[in-house]
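Sequence lines set the chain letters: A, B, ... in the order given, protein chains first and strands last, and positions in each chain run from 1. This is a predicted model, so every value here is computed, not measured.
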There are 2 protein chains.
Amino acid sequence: MKIGELARLSGLTPSRIRFYERIGLLKTVDRRPNGYRTYPQQAVMILGLVTTAQRAGFTLDEIRTLLPSDLKHWDHATLMDALTRKIADIEALQVRLTQSRAHLLRLIEDIQARPDDMDCAANAHRVLTNMLAEHPEALDVTSDDIRLLDATDRRQSVSPGRGKKTASR
Amino acid sequence: MKIGELARLSGLTPSRIRFYERIGLLKTVDRRPNGYRTYPQQAVMILGLVTTAQRAGFTLDEIRTLLPSDLKHWDHATLMDALTRKIADIEALQVRLTQSRAHLLRLIEDIQARPDDMDCAANAHRVLTNMLAEHPEALDVTSDDIRLLDATDRRQSVSPGRGKKTASR
DNA sequence: CCTAACGTTGAAGGTAGCTTAAAGGTCAAG
DNA sequence: CTTGACCTTTAAGCTACCTTCAACGTTAGG
(Lines give C-alpha, C1' and ligand atoms only; values in the text may rest on other atoms or scores of the structure.)
Protein backbone atom coordinates (compact mmCIF):
# COMPACT_ATOMS: atom_id res chain seq x y z
CA MET A 1 0.00 0.00 0.00
CA LYS A 2 1.06 3.61 -0.54
CA ILE A 3 1.66 6.11 2.21
CA GLY A 4 -1.74 7.72 1.95
CA GLU A 5 -3.55 4.51 2.55
CA LEU A 6 -1.26 3.59 5.39
CA ALA A 7 -1.98 7.01 6.87
CA ARG A 8 -5.70 6.39 6.66
CA LEU A 9 -5.45 2.92 8.15
CA SER A 10 -3.12 3.92 10.95
CA GLY A 11 -4.66 7.29 11.73
CA LEU A 12 -1.30 9.03 11.38
CA THR A 13 -0.34 11.76 8.94
CA PRO A 14 1.95 10.93 6.04
CA SER A 15 4.50 13.38 7.36
CA ARG A 16 4.57 11.57 10.64
CA ILE A 17 5.02 8.23 8.91
CA ARG A 18 7.90 9.61 6.87
CA PHE A 19 9.35 11.05 10.05
CA TYR A 20 9.19 7.69 11.76
CA GLU A 21 10.97 6.17 8.83
CA ARG A 22 13.67 8.85 9.00
CA ILE A 23 14.41 8.15 12.63
CA GLY A 24 14.58 4.44 12.00
CA LEU A 25 11.30 3.51 13.60
CA LEU A 26 9.61 2.09 10.53
CA LYS A 27 11.84 0.05 8.34
CA THR A 28 9.33 -2.06 6.46
CA VAL A 29 9.16 0.16 3.43
CA ASP A 30 10.07 -0.41 -0.19
CA ARG A 31 10.08 1.82 -3.20
CA ARG A 32 8.22 1.49 -6.42
CA PRO A 33 9.97 2.41 -9.65
CA ASN A 34 8.36 5.84 -9.50
CA GLY A 35 9.91 6.54 -6.12
CA TYR A 36 6.70 6.08 -4.14
CA ARG A 37 6.98 4.30 -0.83
CA THR A 38 5.13 1.02 -0.55
CA TYR A 39 4.29 -0.72 2.67
CA PRO A 40 3.30 -4.24 3.67
CA GLN A 41 0.12 -4.72 5.69
CA GLN A 42 2.32 -5.29 8.70
CA ALA A 43 3.14 -1.60 8.72
CA VAL A 44 -0.30 -0.77 10.07
CA MET A 45 0.36 -3.02 13.01
CA ILE A 46 3.79 -1.54 13.60
CA LEU A 47 2.40 1.97 13.63
CA GLY A 48 -0.38 0.89 15.94
CA LEU A 49 2.23 -0.57 18.19
CA VAL A 50 4.22 2.64 18.15
CA THR A 51 1.29 4.87 19.05
CA THR A 52 0.16 2.44 21.71
CA ALA A 53 3.61 2.40 23.24
CA GLN A 54 3.67 6.18 23.09
CA ARG A 55 0.41 6.39 24.98
CA ALA A 56 1.93 4.09 27.57
CA GLY A 57 4.67 6.63 28.05
CA PHE A 58 7.53 5.28 25.97
CA THR A 59 9.61 7.72 24.00
CA LEU A 60 10.26 7.07 20.35
CA ASP A 61 13.85 6.29 21.24
CA GLU A 62 12.80 3.63 23.69
CA ILE A 63 10.36 2.21 21.21
CA ARG A 64 13.01 2.01 18.55
CA THR A 65 15.39 0.07 20.73
CA LEU A 66 12.63 -2.30 21.77
CA LEU A 67 11.04 -2.80 18.39
CA PRO A 68 12.50 -5.78 16.50
CA SER A 69 12.82 -5.54 12.76
CA ASP A 70 10.67 -8.61 12.55
CA LEU A 71 7.55 -8.42 14.68
CA LYS A 72 7.98 -12.10 15.39
CA HIS A 73 11.37 -11.91 17.07
CA TRP A 74 11.20 -9.88 20.22
CA ASP A 75 13.90 -9.61 22.79
CA HIS A 76 11.74 -11.09 25.48
CA ALA A 77 13.95 -10.21 28.45
CA THR A 78 14.63 -6.63 27.38
CA LEU A 79 10.97 -6.07 26.62
CA MET A 80 9.77 -7.37 29.96
CA ASP A 81 12.39 -5.30 31.69
CA ALA A 82 11.32 -2.17 29.87
CA LEU A 83 7.66 -2.81 30.62
CA THR A 84 8.39 -3.35 34.27
CA ARG A 85 10.48 -0.21 34.54
CA LYS A 86 7.85 1.79 32.74
CA ILE A 87 5.28 0.66 35.24
CA ALA A 88 7.59 1.80 38.00
CA ASP A 89 7.94 5.16 36.26
CA ILE A 90 4.20 5.50 36.07
CA GLU A 91 3.83 4.68 39.72
CA ALA A 92 6.43 7.25 40.65
CA LEU A 93 4.59 9.82 38.61
CA GLN A 94 1.32 8.85 40.26
CA VAL A 95 2.88 9.47 43.63
CA ARG A 96 4.03 12.89 42.50
CA LEU A 97 0.62 13.73 41.10
CA THR A 98 -1.10 12.67 44.27
CA GLN A 99 1.19 14.95 46.22
CA SER A 100 0.59 17.82 43.84
CA ARG A 101 -3.11 17.34 44.05
CA ALA A 102 -3.03 17.26 47.84
CA HIS A 103 -0.84 20.32 47.82
CA LEU A 104 -3.28 22.24 45.67
CA LEU A 105 -6.21 21.17 47.81
CA ARG A 106 -4.45 22.31 50.95
CA LEU A 107 -3.66 25.56 49.23
CA ILE A 108 -7.28 26.15 48.33
CA GLU A 109 -8.38 25.40 51.85
CA ASP A 110 -5.70 27.61 53.23
CA ILE A 111 -6.75 30.50 51.06
CA GLN A 112 -10.37 30.10 52.07
CA ALA A 113 -9.47 29.79 55.73
CA ARG A 114 -8.79 33.47 56.04
CA PRO A 115 -9.56 34.69 59.54
CA ASP A 116 -12.33 37.24 59.56
CA ASP A 117 -10.10 39.86 61.02
CA MET A 118 -7.39 39.48 58.39
CA ASP A 119 -7.27 41.55 55.23
CA CYS A 120 -6.43 40.14 51.84
CA ALA A 121 -2.86 41.30 51.79
CA ALA A 122 -2.10 39.72 55.14
CA ASN A 123 -3.90 36.57 54.08
CA ALA A 124 -1.85 36.43 50.93
CA HIS A 125 1.24 36.72 52.98
CA ARG A 126 0.11 34.02 55.37
CA VAL A 127 -0.73 31.62 52.55
CA LEU A 128 2.51 32.26 50.72
CA THR A 129 4.58 31.77 53.80
CA ASN A 130 2.82 28.53 54.62
CA MET A 131 3.30 27.32 51.10
CA LEU A 132 6.97 28.07 50.87
CA ALA A 133 7.55 26.67 54.33
CA GLU A 134 5.94 23.45 53.21
CA HIS A 135 8.49 22.87 50.48
CA PRO A 136 11.89 23.90 51.67
CA GLU A 137 13.65 21.39 49.37
CA ALA A 138 13.32 23.57 46.34
CA LEU A 139 14.31 26.74 48.06
CA ASP A 140 17.79 26.50 49.38
CA VAL A 141 16.46 28.32 52.37
CA THR A 142 16.54 27.66 56.08
CA SER A 143 13.74 28.36 58.46
CA ASP A 144 15.85 31.31 59.51
CA ASP A 145 15.61 32.58 55.98
CA ILE A 146 11.87 32.09 55.97
CA ARG A 147 11.52 34.06 59.09
CA LEU A 148 13.69 36.68 57.56
CA LEU A 149 11.59 36.87 54.43
CA ASP A 150 8.59 37.04 56.67
CA ALA A 151 9.95 40.05 58.38
CA THR A 152 11.12 41.94 55.34
CA ASP A 153 7.93 41.24 53.50
CA ARG A 154 5.83 42.50 56.35
CA ARG A 155 7.77 45.68 56.41
CA GLN A 156 7.31 45.96 52.68
CA SER A 157 11.00 46.58 52.59
CA VAL A 158 12.66 47.25 49.30
CA SER A 159 15.47 49.05 51.00
CA PRO A 160 18.96 47.63 51.24
CA GLY A 161 18.27 44.99 53.82
CA ARG A 162 21.09 43.87 56.04
CA GLY A 163 20.37 40.31 57.10
CA LYS A 164 22.90 37.54 57.37
CA LYS A 165 23.46 36.06 53.90
CA THR A 166 20.67 38.08 52.45
CA ALA A 167 22.26 41.44 52.78
CA SER A 168 25.19 41.62 50.44
CA ARG A 169 24.93 45.33 50.30
CA MET B 1 20.75 41.79 46.26
CA LYS B 2 22.59 40.84 43.09
CA ILE B 3 21.65 37.98 40.82
CA GLY B 4 24.22 35.58 42.22
CA GLU B 5 22.86 35.87 45.68
CA LEU B 6 19.30 35.57 44.50
CA ALA B 7 20.36 32.44 42.64
CA ARG B 8 21.83 30.96 45.79
CA LEU B 9 18.80 31.80 47.89
CA SER B 10 16.28 30.60 45.38
CA GLY B 11 18.18 27.55 44.18
CA LEU B 12 17.86 28.66 40.56
CA THR B 13 20.63 29.44 38.13
CA PRO B 14 21.29 33.05 37.15
CA SER B 15 20.48 32.21 33.55
CA ARG B 16 17.14 30.90 34.60
CA ILE B 17 16.42 34.02 36.60
CA ARG B 18 17.34 36.22 33.63
CA PHE B 19 15.16 34.03 31.47
CA TYR B 20 12.21 34.51 33.79
CA GLU B 21 12.75 38.23 33.65
CA ARG B 22 12.85 38.15 29.85
CA ILE B 23 9.50 36.37 29.60
CA GLY B 24 7.93 38.78 32.06
CA LEU B 25 7.73 36.44 35.00
CA LEU B 26 9.95 38.39 37.34
CA LYS B 27 9.46 42.11 37.19
CA THR B 28 10.84 43.18 40.55
CA VAL B 29 14.30 44.05 39.30
CA ASP B 30 16.24 47.29 39.22
CA ARG B 31 19.60 48.24 37.82
CA ARG B 32 22.62 49.67 39.53
CA PRO B 33 24.65 52.33 37.79
CA ASN B 34 27.08 49.64 36.62
CA GLY B 35 24.30 47.73 34.88
CA TYR B 36 24.02 44.98 37.46
CA ARG B 37 20.55 43.75 38.31
CA THR B 38 19.42 44.27 41.86
CA TYR B 39 16.51 42.53 43.50
CA PRO B 40 14.36 43.08 46.56
CA GLN B 41 14.05 40.32 49.14
CA GLN B 42 10.60 39.63 47.76
CA ALA B 43 12.18 38.18 44.66
CA VAL B 44 13.15 35.04 46.56
CA MET B 45 9.56 34.47 47.43
CA ILE B 46 8.38 35.10 43.91
CA LEU B 47 10.85 32.59 42.53
CA GLY B 48 9.84 30.09 45.17
CA LEU B 49 6.27 30.62 44.15
CA VAL B 50 7.12 30.07 40.51
CA THR B 51 8.96 26.80 41.10
CA THR B 52 6.24 25.59 43.42
CA ALA B 53 3.60 26.35 40.85
CA GLN B 54 5.68 24.59 38.24
CA ARG B 55 5.88 21.48 40.35
CA ALA B 56 2.13 21.62 40.69
CA GLY B 57 1.89 21.44 36.93
CA PHE B 58 1.41 25.05 35.91
CA THR B 59 3.19 26.26 32.81
CA LEU B 60 5.21 29.46 32.96
CA ASP B 61 2.56 31.10 30.85
CA GLU B 62 -0.17 30.21 33.29
CA ILE B 63 1.96 31.35 36.18
CA ARG B 64 2.60 34.67 34.51
CA THR B 65 -1.06 35.38 34.00
CA LEU B 66 -1.83 34.42 37.59
CA LEU B 67 1.02 36.24 39.28
CA PRO B 68 0.11 39.74 40.36
CA SER B 69 2.78 42.38 40.15
CA ASP B 70 2.26 42.92 43.83
CA LEU B 71 2.23 39.74 45.85
CA LYS B 72 -0.42 41.28 48.03
CA HIS B 73 -3.04 41.79 45.37
CA TRP B 74 -4.14 38.50 43.93
CA ASP B 75 -7.06 38.01 41.65
CA HIS B 76 -8.82 35.76 44.08
CA ALA B 77 -11.46 34.42 41.73
CA THR B 78 -9.11 33.74 38.84
CA LEU B 79 -6.63 32.07 41.14
CA MET B 80 -9.18 29.77 42.72
CA ASP B 81 -10.49 28.92 39.31
CA ALA B 82 -7.04 28.06 38.04
CA LEU B 83 -6.29 25.95 41.08
CA THR B 84 -9.53 24.07 40.71
CA ARG B 85 -8.99 23.43 37.04
CA LYS B 86 -5.46 22.31 37.67
CA ILE B 87 -6.71 19.77 40.15
CA ALA B 88 -9.11 18.52 37.55
CA ASP B 89 -6.25 18.25 35.07
CA ILE B 90 -4.25 16.25 37.55
CA GLU B 91 -7.14 13.93 38.16
CA ALA B 92 -7.62 13.39 34.46
CA LEU B 93 -3.96 12.59 34.14
CA GLN B 94 -4.19 10.20 37.04
CA VAL B 95 -6.98 8.37 35.30
CA ARG B 96 -4.87 8.09 32.17
CA LEU B 97 -1.89 6.86 34.12
CA THR B 98 -3.97 4.27 35.90
CA GLN B 99 -5.19 3.03 32.57
CA SER B 100 -1.69 2.95 31.14
CA ARG B 101 -0.44 1.06 34.12
CA ALA B 102 -3.25 -1.46 33.91
CA HIS B 103 -2.62 -1.79 30.23
CA LEU B 104 1.05 -2.55 30.76
CA LEU B 105 0.25 -5.04 33.47
CA ARG B 106 -2.22 -6.83 31.26
CA LEU B 107 0.36 -6.84 28.53
CA ILE B 108 2.95 -8.44 30.77
CA GLU B 109 0.50 -11.05 31.89
CA ASP B 110 -0.55 -11.69 28.35
CA ILE B 111 3.01 -12.19 27.22
CA GLN B 112 3.69 -14.59 30.03
CA ALA B 113 0.50 -16.49 29.42
CA ARG B 114 1.90 -18.17 26.34
CA PRO B 115 0.35 -21.59 25.87
CA ASP B 116 2.95 -24.32 26.07
CA ASP B 117 2.23 -25.45 22.59
CA MET B 118 2.72 -22.01 21.03
CA ASP B 119 6.03 -20.80 19.70
CA CYS B 120 7.35 -17.31 20.27
CA ALA B 121 6.36 -15.96 16.90
CA ALA B 122 2.79 -17.08 17.26
CA ASN B 123 2.72 -15.75 20.80
CA ALA B 124 4.03 -12.42 19.61
CA HIS B 125 1.29 -12.33 17.06
CA ARG B 126 -1.34 -13.24 19.60
CA VAL B 127 -0.21 -10.57 22.02
CA LEU B 128 0.00 -7.89 19.36
CA THR B 129 -3.41 -8.68 18.05
CA ASN B 130 -4.91 -8.57 21.51
CA MET B 131 -3.20 -5.30 22.22
CA LEU B 132 -4.29 -3.54 19.08
CA ALA B 133 -7.78 -4.92 19.45
CA GLU B 134 -7.92 -3.40 22.90
CA HIS B 135 -7.35 0.12 21.63
CA PRO B 136 -9.20 0.64 18.42
CA GLU B 137 -9.54 4.39 19.04
CA ALA B 138 -6.04 5.16 17.93
CA LEU B 139 -6.12 2.92 14.94
CA ASP B 140 -8.80 3.95 12.57
CA VAL B 141 -9.41 0.26 12.17
CA THR B 142 -12.42 -1.97 12.58
CA SER B 143 -12.42 -5.49 13.90
CA ASP B 144 -12.75 -6.46 10.26
CA ASP B 145 -9.46 -4.76 9.61
CA ILE B 146 -7.89 -6.56 12.50
CA ARG B 147 -9.00 -9.84 11.16
CA LEU B 148 -7.57 -8.79 7.84
CA LEU B 149 -4.22 -7.94 9.36
CA ASP B 150 -4.39 -11.17 11.19
CA ALA B 151 -4.75 -13.04 8.00
CA THR B 152 -2.16 -11.19 5.97
CA ASP B 153 0.32 -11.33 8.79
CA ARG B 154 -0.08 -15.05 9.07
CA ARG B 155 0.51 -15.43 5.39
CA GLN B 156 3.51 -13.14 5.65
CA SER B 157 2.20 -11.37 2.62
CA VAL B 158 4.34 -8.66 1.09
CA SER B 159 2.80 -9.08 -2.30
CA PRO B 160 1.58 -6.09 -4.31
CA GLY B 161 -1.61 -6.01 -2.37
CA ARG B 162 -3.93 -3.66 -4.05
CA GLY B 163 -6.21 -4.58 -1.25
CA LYS B 164 -9.66 -3.23 -1.47
CA LYS B 165 -9.61 -0.06 0.50
CA THR B 166 -10.97 -2.05 3.35
CA ALA B 167 -13.16 0.05 5.51
CA SER B 168 -11.29 3.27 4.93
CA ARG B 169 -13.53 5.59 6.81
C1' DC C 1 -5.00 17.38 -22.36
C1' DC C 2 -6.04 19.15 -17.98
C1' DT C 3 -6.70 19.04 -13.34
C1' DA C 4 -6.85 17.37 -8.74
C1' DA C 5 -5.05 14.42 -5.73
C1' DC C 6 -1.31 12.18 -4.54
C1' DG C 7 3.66 11.37 -4.09
C1' DT C 8 8.80 13.02 -3.46
C1' DT C 9 12.73 15.85 -1.12
C1' DG C 10 15.25 18.92 2.13
C1' DA C 11 15.09 22.55 5.13
C1' DA C 12 13.06 25.17 8.33
C1' DG C 13 9.72 26.16 12.00
C1' DG C 14 7.33 25.45 16.46
C1' DT C 15 6.54 24.34 21.42
C1' DA C 16 8.53 24.66 26.49
C1' DG C 17 11.96 25.78 29.29
C1' DC C 18 15.90 26.48 29.74
C1' DT C 19 21.44 26.26 28.97
C1' DT C 20 25.64 27.45 26.73
C1' DA C 21 28.76 30.16 24.12
C1' DA C 22 31.04 34.22 22.87
C1' DA C 23 32.72 38.46 23.91
C1' DG C 24 33.13 41.56 27.00
C1' DG C 25 32.61 44.97 31.51
C1' DT C 26 33.17 45.41 36.96
C1' DC C 27 35.08 44.70 41.28
C1' DA C 28 37.64 43.15 45.53
C1' DA C 29 41.72 41.05 47.22
C1' DG C 30 46.58 40.26 47.26
C1' DC D 1 48.66 45.19 38.48
C1' DT D 2 46.80 40.99 38.09
C1' DT D 3 43.83 37.43 39.01
C1' DG D 4 39.51 35.50 39.43
C1' DA D 5 34.86 35.84 40.61
C1' DC D 6 31.20 38.13 39.33
C1' DC D 7 28.21 40.70 36.10
C1' DT D 8 26.38 42.07 31.17
C1' DT D 9 24.43 41.03 26.29
C1' DT D 10 22.73 38.47 22.15
C1' DA D 11 22.39 34.41 19.80
C1' DA D 12 22.26 29.93 19.26
C1' DG D 13 21.58 25.20 20.91
C1' DC D 14 19.03 21.45 23.11
C1' DT D 15 15.16 17.68 23.71
C1' DA D 16 11.04 15.45 21.72
C1' DC D 17 8.03 15.12 18.25
C1' DC D 18 6.40 16.43 14.71
C1' DT D 19 4.42 20.00 10.96
C1' DT D 20 4.88 23.07 7.24
C1' DC D 21 6.82 24.93 3.18
C1' DA D 22 8.73 25.16 -1.32
C1' DA D 23 9.40 23.16 -5.43
C1' DC D 24 8.73 19.55 -7.94
C1' DG D 25 7.22 14.66 -10.19
C1' DT D 26 3.20 11.01 -10.89
C1' DT D 27 -1.24 9.22 -11.52
C1' DA D 28 -6.29 8.70 -12.16
C1' DG D 29 -10.40 10.51 -14.06
C1' DG D 30 -13.19 13.25 -17.25
Sub-4.5 Å side-chain heavy-atom contact between [X] and [Y]:
X        : Y        : result
B:Asn130 : B:Leu107 : no
B:Met1   : B:Leu9   : yes
A:Arg55  : B:His103 : no
B:Tyr20  : B:Leu12  : yes
B:Lys86  : A:Ser100 : no

Option passing salt bridge (charged side-chain N to carboxylate O under 4.0 Å, His left out) with A:Glu21 (candidates A:Arg16, A:Arg64, A:Lys27, A:Arg37) =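 So, applying the salt bridge (charged side-chain N to carboxylate O under 4.0 Å, His left out) to A:Glu21 and each of A:Arg16, A:Arg64, A:Lys27, A:Arg37, only A:Arg37 qualifies.
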Separation of [X] atom [atom1] from [N] atom [atom2], in whole Å?
X       : N      : atom1 : atom2 : answer
A:Ile17 : C:dC6  : CD1   : P     : 14 Å
B:Leu26 : C:dC18 : CG    : C1'   : 15 Å
B:Leu25 : C:dG17 : CG    : P     : 10 Å
A:Phe19 : C:dG10 : CZ    : C1'   : 15 Å
B:Glu21 : C:dG17 : CD    : C1'   : 16 Å
A:Arg55 : D:dC17 : CZ    : P     : 15 Å
B:Tyr39 : D:dC6  : OH    : P     : 16 Å
A:Arg8  : C:dA5  : CZ    : P     : 13 Å

ask   = B:Val29 and B:Leu26: which non-hydrogen atoms are nearest, and at how many Å?
value = CG1-O, 4.1 Å
query = When clusters are formed by joining ILVMFWY residues with side-chain heavy atoms under 4.5 Å apart, either directly or through shared neighbours, do A:Ile111 and A:Met118 land in the same one?
reply = no
Within the pair [X] and [N], is there a side-chain N or O less than 4.0 Å away from OP1 or OP2?
X       : N      : value
A:Arg18 : C:dT8  : yes
B:Ser15 : C:dC18 : no
B:Thr13 : C:dT19 : yes

Does [X] reach a base, just sugar-phosphate, or nothing at all? Heavy atoms under 4.0 Å.
X       : answer
A:Arg32 : nothing
B:Ile23 : nothing
B:Arg37 : sugar-phosphate

message = With a 3.5 Å distance limit and no angle check, can you tell me whether B:Glu62 reaches the backbone of B:Thr59 through a side-chain donor-acceptor pair?
response =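 Confirmed, B:Glu62 side chain pairs with B:Thr59 backbone.
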inquiry  = Assuming nearest nucleotide by heavy-atom distance, tell me which of B:Gly35 and A:Phe58 is located more 5' along DNA chain D.
reply    = B:Gly35
Atom pairs, N/O to N/O, protein against nucleotides 23-26 of chain D, distance under 3.5 Å?
unit_1, atom_1, unit_2, atom_2, d
D:dG25, N2, A:Tyr36, OH, 2.8
D:dT26, O4', A:Tyr36, OH, 3.3

request  = Report the C-alpha separation of A:Trp74 and A:Met80 in whole Å, then their side-chain angles, then the decisive distance to 0.1 Å, and conclude whether the side chain to side chain contact (heavy atoms under 4.5 Å, CB included) test is met.
outcome  = CA-CA 10 Å; A:Trp74 293 81; A:Met80 293 303 266; over 6 Å; no
Measure all distances between protein nitrogen or oxygen atoms and nitrogen or oxygen atoms of nucleotides 12-16 of chain D, and list the pairs falling under 3.5 Å.
none

